[in-house]
Structures are given as C-alpha cells and as structure tokens.
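Take a look at the structure set out below.
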Protein chains: 2
Amino acid sequence: MGHVPESRKARSAEAARFEVFLRSRKLKLTGERLAVLASIFQRESHFDAETLHAHLRTAGGNISRATVYRTLDLLVQSGLVRKNSLGASHANYEAAQGDEHHDHLICLNCSQVVEFYRPDIENLQEQICAAHGFKLIHHSLQIFGLCPGCTGQADEGTIRNRVAQLHT
Amino acid sequence: MGHVPESRKARSAEAARFEVFLRSRKLKLTGERLAVLASIFQRESHFDAETLHAHLRTAGGNISRATVYRTLDLLVQSGLVRKNSLGASHANYEAAQGDEHHDHLICLNCSQVVEFYRPDIENLQEQICAAHGFKLIHHSLQIFGLCPGCTGQADEGTIRNRVAQLHT
DNA sequence: TTGGCTGCAAAGGCTTTGCACGCTC
DNA sequence: GAGCGTGCAAAGCCTTTGCAGCCAA
C-alpha cells in the first residue's frame with residue numbers, strides 16, 4: 001500500500017498544482033515549463049524575467065526568452081506566481097508561497113524589499129470599495145522609503161530623483 | 001507702487017510655481033514648457049504622454065514627443081504633476097491640484113478612475129514603516145475592481161486576464 | 001553671447017509575435 | 001496524428017538620447 005509507480009517521478013506540490021491548471025485549459029506539461037517552475041521555487045525572493053532566463057541558461061538548459069515570458073504568464077494566471085513592479089518600469093515576479101497575500105516596503109537606496117501583511121489595511125480597502133460601490137478584485141500597495149541601514153546614508157538629491165522616476 | 005509692467009503677461013499660479021522651480025535650477029522658461037503646462041492644467045483627470053502630445057499638436061503647436069517627455073519629467077520633479085501607472089505598463093500623469101494627496105480606485109472593465117483619500121491609511125503606512133525601521137518617503141496604493149456600473153456586466157474571464165496583465 | 005532647449009530620427013530596454021519545426025497527449 | 005509548444009529573429013511599444021540649429025536670459 002502507498003506504493004508509487006517508479007515511472008512517475010515525485011513532483012513538488014507546485015508542479016502538481018501547475019499540472020492541474022494546465023490540464024484544466026487543455027495545455028501541455030512540457031519539460032521547459034517544469035524547468036521554469038523549478039527554477040522559480042528553488043530560489044526565494046523577487047526576480048525579473050531576464051534574471052530567470054539567465055539562471056535557466058546557466059543551469060544548462062536552452063530555454064528561450066520567449067518561453068520564459070510565455071511560462072511566466074501562465075504561472076501568473078495559475079496563481080503560482082505573482083507579478084509586481086516594485087517601482088520599476090519592468091516586471092518583477094515572486095513565487096506565491098502558500099496563499100498568504102502581502103504588500104511591499106522598498107528601500108529607495110539599496111532596493112531591499114520587505115514583505116508585510118496588515119489585516120487592518122485589507123479591511124480598509126474593503127471599506128473604500130464599499131464606499132464607492134466597487135467590487136474589490138485586486139490591489140497593490142507599495143511603500144517606498146529608506147531602510148534602517150540606509151537612513152542618513154543616502155544622498156537626498158539621488159533619492160528625490162529616484163522617486164520621480166518610479167513607475168507606480 | 002504695486003505697478004506691474006504691461007509687458008509681463010499674467011500667468012497662472014501653476015506657471016508661476018514652475019518658473020520658480022526652473023529658476024532654482026537655472027533652467028529656462030520656454031514657450032514649449034509653458035504650452036505643455038497649460039495643456040495639462042486646462043483639462044482635468046489622468047492622461048498619458050501620447051495623449052498630451054496629440055492635444056498639443058491639435059492645438060496647433062509643433063511640440064515634439066521628446067519635449068513632452070522632457071517637460072513631464074521636470075513637472076514631476078517640481079511637484080506640479082504626479083506620475084502613476086494605474087496598472088498600465090506605460091506612465092500615466094495627473095495635475096497635482098493643490099497639495100492634497102490621494103490614491104486610486106480603478107475599474108477593470110471600463111477603466112474609470114476614482115480618487116480617494118483616507119487619513120487612516122496614511123497613518124497605517126507610518127506605523128508599518130516604524131515597525132520596520134523605515135523612513136517613509138513615498139507610497140502607491142491602487143485598488144482594482146468593478147465600478148457600480150460594471151459589476152455584473154463584465155466577463156469573468158476577461159477580467160481575470162486583465163488582472164494577470166496588470167503592471168503594479 | 002552663452003548655455004540651455006528643441007525637433008528629428010535613431011537607439012534602447014523590455015516584451016510580444018510570426019513562423020517552421022518539434023514534442024506531448 | 002493532431003495540435004499545442006518551442007526557439008529564433010523580427011517587430012512593437014514606450015521612452016530616452018545624440019546632434020545640429022535655435023532661443024531665452
């Protein structure tokens with residue numbers, strides 16, 4: 001009992017979820033898609049498409065940038081990956097560990113990203129939607145500032161410019 | 001006393017503020033810059049660089065896209081204009097009327113934008129920063145949903161895709 | 001007169017797409 | 001075998017930049 005056929009390799013929980021998602025859309029579970037998924041869940045934190053592509057190349061694969069973008073799109077739609085900007089004009093991504101939602105605190109000097117979750121903010125957003133008759137579907141809250149290590153270290157002019165350039 | 005030279009045309013409060021800003025940086029107050037500023041403050045609400053450029057062209061001017069971008073950058077730095085994304089991958093702008101700050105509620109179906117201000121959210125952000133030792137400099141809160149008119153009207157699949165494509 | 005400013009066109013950075021071949025189901 | 005998936009290269013979109021002439025101060 002509990003015997004697992006040797007031919008069926010053990011897959012991570014993420015891979016299983018991705019497979020279910022793909023099947024539900026009659027899409028295929030390819031080696032490339034699994035490689036992208038594995039690379040994302042192997043390393044923590046935030047990354048962009050270019051970095052992910054580089055990691056996949058380094059790992060020996062021959063996955064194209066196009067496939068990286070196409071797979072990221074599917075992963076976002078499946079809910080396994082979240083897409084953020086963190087103030088940049090290009091997209092940033094992060095593995096959606098579990099179902100917990102969080103927002104981001106970003107240091108304008110060293111780019112460090114801190115995640116936080118405040119139920120009271122979630123509640124306020126519901127109140128705001130209700131006040132305007134909106135049905136809440138999604139939100140994005142990003143706080144920019146200076147982290148403990150950078151407070152007092154950063155050049156004021158540089159920071160001011162960086163704020164002006166934020167894409168939020 | 002109090003005499004104003006006739007040769008000096010009356011200027012809007014915004015133009016005066018822009019002039020002060022430019023002088024402080026030893027930059028020049030050109031006709032193009034004034035035209036961009038006037039066009040922005042003539043019409044309300046949110047706009048992107050392309051729309052602004054089109055309006056300026058229609059108005060008879062011959063202002064280049066490059067000048068539009070360069071001037072928007074100066075206006076953002078001066079604080080007269082705010083830059084937002086509203087979920088789009090390109091920049092959106094809005095005239096900063098007075099000093100009041102506000103956040104945005106955006107309809108995923110009809111793209112309507114509602115501005116709101118909640119002091120309690122501002123306070124929470126200060127608390128979050130304090131909790132992590134950050135110095136708060138800037139923030140961005142965007143809530144996406146369906147406006148009263150679009151609730152129940154929108155196709156669920158379309159909305160889901162739109163959420164996945166948001167650049168936030 | 002002297003920088004800064006402008007339009008133009010080209011270049012840049014990120015992302016998407018057309019196409020012919022390849023692989024999963 | 002059918003149809004989705006892939007790599008490649010080209011195209012797209014928005015934005016920035018180099019340059020020669022122009023203009024505000």
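A, B, ... follow the sequence lines: proteins, then strands. Residue 1 opens every chain. Remember, predicted model here, so these are calculated numbers, not experimental data. All heavy atoms count here, side chains included; hydrogens, waters and symmetry mates do not.
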By the 4.0 Å heavy-atom rule, please label N62(B) as base, sugar-phosphate, or nothing.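 It contacts sugar-phosphate atoms only.
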Take the protein atom [atom1] of [X] and the nucleotide atom [atom2] of [N], then report the distance between them rounded to whole Å.
X: Q165(B); N: dT17(C); atom1: CD; atom2: C1'; result: 14 Å
X: L22(B); N: dT6(C); atom1: CG; atom2: C1'; result: 15 Å
X: H167(B); N: dC14(D); atom1: NE2; atom2: P; result: 13 Å
X: R65(B); N: dT17(D); atom1: CZ; atom2: C1'; result: 15 Å
X: E19(B); N: dA25(D); atom1: CD; atom2: C1'; result: 11 Å
X: D73(A); N: dT16(C); atom1: CG; atom2: C1'; result: 10 Å
X: E32(A); N: dG22(C); atom1: CD; atom2: P; result: 13 Å
X: L52(A); N: dC14(C); atom1: CG; atom2: P; result: 15 Å

Which of these nucleotides, [options], is closest to any side-chain atom of [X]?
X: K28(B); options: dA2(D), dA25(D), dT15(C); result: dA25(D)
X: R57(B); options: dT24(C), dC8(C), dT16(C); result: dC8(C)
X: L27(A); options: dC4(D), dC5(C), dT16(D); result: dC4(D)
X: Y69(A); options: dC14(C), dG7(D), dC5(C); result: dC14(C)
X: R33(A); options: dC5(C), dT6(D), dC8(D); result: dT6(D)
X: S64(B); options: dC8(D), dG7(C), dT24(C); result: dG7(C)

Run the side-chain contact (heavy atoms from CB on, under 4.5 Å) check on R70(B) and E32(B) step by step: do they pass? CA-CA 11 Å; R70(B) 288 187 279 231; E32(B) 289 85 351; over 6 Å; no
Given that A66(A) and L74(A) both sit by DNA chain D, which one's nearest nucleotide is further toward the 5' end?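 Its nucleotide being nearer the 5' end, the pick is L74(A).
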Which comes earlier along DNA chain D counting from the 5' end, the contact point of R70(B) or that of G31(B), where each point is its nearest nucleotide?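 Taking each residue's closest nucleotide, the earlier one in sequence belongs to R70(B).
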To the nearest 0.5 Å, what is the distance between CG (L52(B)) and OG (S39(B))?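 Between L52(B) CG and S39(B) OG, I get 5.0 Å after rounding to 0.5 Å.
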Parallel, tilted or perpendicular, judged at 30° and 60°: which one describes the rings of H101(B) and H139(B)?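 Perpendicular: the ring planes of H101(B) and H139(B) meet at over 60°.
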Check whether the side chain of K26(B) and the base of dG4(C) form a donor-acceptor pair under 3.5 Å.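 A donor-acceptor contact between them is absent.
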For dC14(D), does OP1 or OP2 lie under 4.0 Å from any side-chain N or O of S89(A)?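 Negative; the distance criterion is not met.
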Are I40(A) and I63(A) joined in one hydrophobic group, where the rule is that I, L, V, M, F, W and Y side chains link up if heavy atoms are under 4.5 Å apart?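 In one cluster: yes.
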Assess whether a salt bridge exists between E156(A) and R160(A), defined as any Lys/Arg side-chain N lying under 4.0 Å from an Asp/Glu carboxylate O.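 Yes, E156(A) and R160(A) are salt-bridged.
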